[in-house]
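Accompanying notes for the structure given below.
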Number of protein chains: 2
Amino acid sequence: MTQSARKRRGSGRTTLHNVAELAGVSAMTVSRYFSNKESVRLDMQQRIAAAIEQTGYVRNVFAGSLASARGRCVGMVIPHIAGGVYEETIQAVTDTLRPFGYQLLLASSNYSTEEEEAAVRAFIGWAPAALILTGQKRSRKTTELLANAGVPVVETWAHKTRPQHIQVGFSNPSVGKDSTHYLYERGYRRIVFVHPPRTDDVGANDRASGYEAAMHELGLAPATFRPQATVLLDAGAEAFRTLTSGRTPADALIFSNDNLAAGALLHGLRERIAIAQTCAVMGFGDLSIADKLVPSLTTVRPPRYEMGRIAALRVIELLRAIEEDAPTDAIERDNLLTYEIVERESA
Amino acid sequence: MTQSARKRRGSGRTTLHNVAELAGVSAMTVSRYFSNKESVRLDMQQRIAAAIEQTGYVRNVFAGSLASARGRCVGMVIPHIAGGVYEETIQAVTDTLRPFGYQLLLASSNYSTEEEEAAVRAFIGWAPAALILTGQKRSRKTTELLANAGVPVVETWAHKTRPQHIQVGFSNPSVGKDSTHYLYERGYRRIVFVHPPRTDDVGANDRASGYEAAMHELGLAPATFRPQATVLLDAGAEAFRTLTSGRTPADALIFSNDNLAAGALLHGLRERIAIAQTCAVMGFGDLSIADKLVPSLTTVRPPRYEMGRIAALRVIELLRAIEEDAPTDAIERDNLLTYEIVERESA
DNA sequence: CTGTTAGCGCATTCAG
DNA sequence: CTGAATGCGCTAACAG
């Protein structure tokens, strides 16, 4: 009776062995059943299925991942959960990953490289099959961490000229440039770019630099404005108020995002200012409210869902290639997606 | 030379043993360092810290969780990622859990009990320390699964009279009732409740039943409307158009959420209808746009952040109690939070 | 305060 | 197609 003293270990939950015993097969066969049903004989499949049903067995992810050294999860770091910007991308990643059995681990960096580093560090402990990062600046430490862990990385919402990882994104500078040209062609000349309150939104900064480049090309003087208000809707109103008054008011505003632009339009409504006649307004994002505003908002629609979908697809392809020891050259590393200027009433 | 054949196992990453070796201590000491720094001598702490720094070691969550049979994660199932309704709650849960080292696993059920069941099943495999569910209906299977796994559950965005689990929420029927009384006191009598397009939003249905009860108490005939349009902003516009025309137009509308109400207000703006004079509009949610609309939206503010914070706190308390083998009676199981009617211009 | 021993539940490996 | 042995990396339990 050496086994009588029950050690206080184990979760007490049903294990693979319990199921195997009940089904009258070995644990290994049940394990195979989970990874590939077809690899076990039909009658065993049925007995195993019955045993699983009866016990309510759920595979312990930890044990499996530990044994195979591959976590069945994908980590994703986005700048901010709230705001509606990344929702569709998250949804797309979830949708695309789910059929392959990967769980999404989500973290938000709050636009901070330190928090991003913390999130990446936390994720690495989960031995994720891959990480999806959004196109922010990265701390050197984060880069080291990533290299050290050897986790495949896909960057999205980014398009760099010398990418370190697979990237899926669109060109923010081009958005800035195209928006500027769009307004120029419609006769606007005193075009001002409105920054978000926070200075560390890299995408916004890139759009601003595209704007500045375009203005120079066109022989115009670029001018930017950064509101004080931190709530985006208020910040947009502040920008509109400030930039349409004074001696040389702007005749067109490029807002770095739709929330800012919406703030401007709603401010105009409240103050009974005829926006379109006073000053053209352009946004970025094409949030769902954009076409409902009065006037409806002319804006740029980034491929939000598509970025998530492609990013997840590349992850799947990459993992499959690694698994099959196939070359990863066939995987498109530079995925440049297109955005679209949506012409409406505000510009 | 029995060890010479390198098995193709292991991740190749730095392990606890590597760190221990480098620091000249045992693996156990390093393990203790992670769970409680103070429990190892100061000089060892420093040597260990140096070794960790040098190797870029990150603890393997799987191995730890497997050994201790406790996953360092908390699963959360919400009805829908997009829409802005649950953002703050998610953020609150993340914020509250982070200091305790728990990772949030997020899944969306898309308002479907089957998808919820799938999510719960997936989560259970992660041996989560706890699950946070939102107050939807649950399939019997899900309930079984939960009972079987023995995972502590906290329900939020719900307040049932006979809760099975710890619950953190507010009373949806009361919201419906109070909104009705609010309008009644202001002289409105032909009050109609506008449902969301989807029939399975339990919270909305509960608010509707509160509305109906209140109308009966007040001796008025309740009337509800469910739009055809699936996009919420459009559905709101449709409801407003339909209900303010005809022989006995409504004089006040209670929308089951702010997105619907916003659709009505934006429709009014576009059609140049003076909303407040035509028909009062009330929403639910107090989304950030509510006070920026014209007219600004009278609505009900649920304790979005607070629900997440309290839910996560209860989880922490519960886990601590379980860990210390303390009684869990001291933990408040029925957390009824308050909402607030926010009076603005639209009603 | 520190080390030793054993095993968490599964998948890999190899042998039938 | 199936089974037995082995160990993934860590921590609980116990002994010093």
Side-chain angles (χ1 to χ4, degrees), chain A residues 2-3 5-21 23-45 47-48 52 55 57-72 101 124-127 149 323 325, chain B residues 2-3 5-21 23-45 47-48 52 55 57-72 101 124-127 149 323 325:
Chain A
T2 59
Q3 304 291 339
R6 262 241 318 270
K7 296 272 183 77
R8 222 182 317 150
R9 292 196 73 162
S11 60
R13 277 176 38 203
T14 312
T15 73
L16 198 61
H17 284 89
N18 303 146
V19 175
E21 214 166 344
V25 297
S26 82
M28 203 46 236
T29 305
V30 182
S31 178
R32 285 201 186 90
Y33 173 86
F34 276 106
S35 53
N36 181 12
K37 270 190 184 47
E38 321 309 323
S39 66
V40 306
R41 237 170 40 213
L42 198 65
D43 57 328
M44 296 215 155
Q45 280 182 41
R47 275 154 59 193
I48 292 169
I52 291 168
T55 54
Y57 171 71
V58 178
R59 229 148 115 226
N60 182 325
V61 174
F62 298 123
S65 302
L66 181 59
S68 63
R70 299 180 312 120
R72 298 203 63 73
I124 287 176
W126 290 84
E323 191 161 336
D325 237 346
Chain B
T2 58
Q3 304 289 340
R6 263 244 315 271
K7 297 268 183 81
R8 220 181 319 148
R9 294 195 70 163
S11 60
R13 277 175 38 201
T14 311
T15 73
L16 198 62
H17 285 88
N18 303 147
V19 175
E21 213 166 346
V25 298
S26 82
M28 202 50 228
T29 305
V30 180
S31 177
R32 287 201 183 91
Y33 173 85
F34 275 107
S35 53
N36 180 13
K37 269 191 185 48
E38 320 311 324
S39 65
V40 306
R41 236 169 43 212
L42 198 66
D43 58 326
M44 296 214 154
Q45 280 183 40
R47 276 154 59 193
I48 293 169
I52 291 168
T55 53
Y57 171 70
V58 178
R59 226 148 122 225
N60 181 325
V61 174
F62 298 123
S65 302
L66 181 59
S68 62
R70 300 179 313 121
R72 297 203 64 73
I124 286 175
W126 290 84
E323 191 161 335
D325 236 346

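The sequence lines fix the lettering, A, B, ..., with proteins before strands; numbering per chain opens at 1. Since we're looking at a predicted model, the values are computed, not measured.
A straight line from CG of N18(B) to C1' of dG9(D) spans 10 Å, rounded to a whole angstrom. A straight line from CZ of F62(A) to C1' of dG7(C) spans 17 Å, rounded to a whole angstrom. In this structure, H17(A) atom NE2 and dG3(D) atom P are separated by 12 Å, rounded to whole Å. L42(A) places its CG atom 16 Å from the C1' atom of dT2(D), with the value rounded to the nearest Å. Rounded to whole Å, atom C1' of dG9(D) lies 6 Å from atom CG of N60(B). The CD-P distance, from E21(B) to dG3(C), rounds to 13 Å in whole Å. In this structure, the CZ atom of R72(B) is 16 Å from the C1' atom of dG9(D), given to the nearest Å. Per the geometry, CH2 belonging to W126(A) stands 15 Å off P belonging to dC10(D), to the nearest Å.
If you take CZ on R47(A) and CD1 on I52(A), they are separated by 13.0 Å, rounding to the nearest 0.5 Å. Distance CD1/I48(A) to CG/L16(A): 9.0 Å, rounded to 0.5 Å.
The shortest heavy-atom contact between Y57(A) and T15(A) is CE1-C, 3.5 Å. Here the closest heavy-atom approach between residue E38(A) and residue Q45(A) is recorded as CA-NE2, 4.1 Å. In plain terms, the two heavy atoms of R72(A) and S65(A) that are nearest each other are N-OG, 3.9 Å.
Of all nucleotides listed (dC10(C), dC8(D), dT2(C)), dT2(C) comes nearest to the side chain of R41(B). Of the listed nucleotides (dC10(C), dG3(D), dG9(C)), dC10(C) has the atom at the smallest distance from the side chain of R59(A). In the set dA11(C), dG3(D), dT11(D), dG3(D) carries the atom at the smallest distance from any side-chain atom of V25(A).
Nearer the 5' end of DNA chain C, as judged by each residue's closest nucleotide, is the contact made by V40(B), out of Y57(A) and V40(B).
A tilted orientation is assigned to the rings of W126(B) and W126(A), their planes being inclined by 30° to 60°.
Within 4.0 Å (heavy atoms only), L16(A) reaches sugar-phosphate atoms of the nucleic acid but no base atom. Contacts of S65(B) with the nucleic acid, taken as non-hydrogen atoms under 4.0 Å apart, are absent.
Only M28(B), S31(B), R32(B), listed by number, bring a heavy atom of residues 27-35 of chain B to less than 4.0 angstrom from any atom of DNA chain D.
Identified under the side chain to side chain donor-acceptor pair (under 3.5 Å) test for residues 24-36 of chain A, with sequence neighbours left out: S26(A)-T29(A).
At dG3(D), one or more side-chain N or O atoms of S26(A) fall inside 4.0 Å of OP1 or OP2 (strictly under the cut-off).
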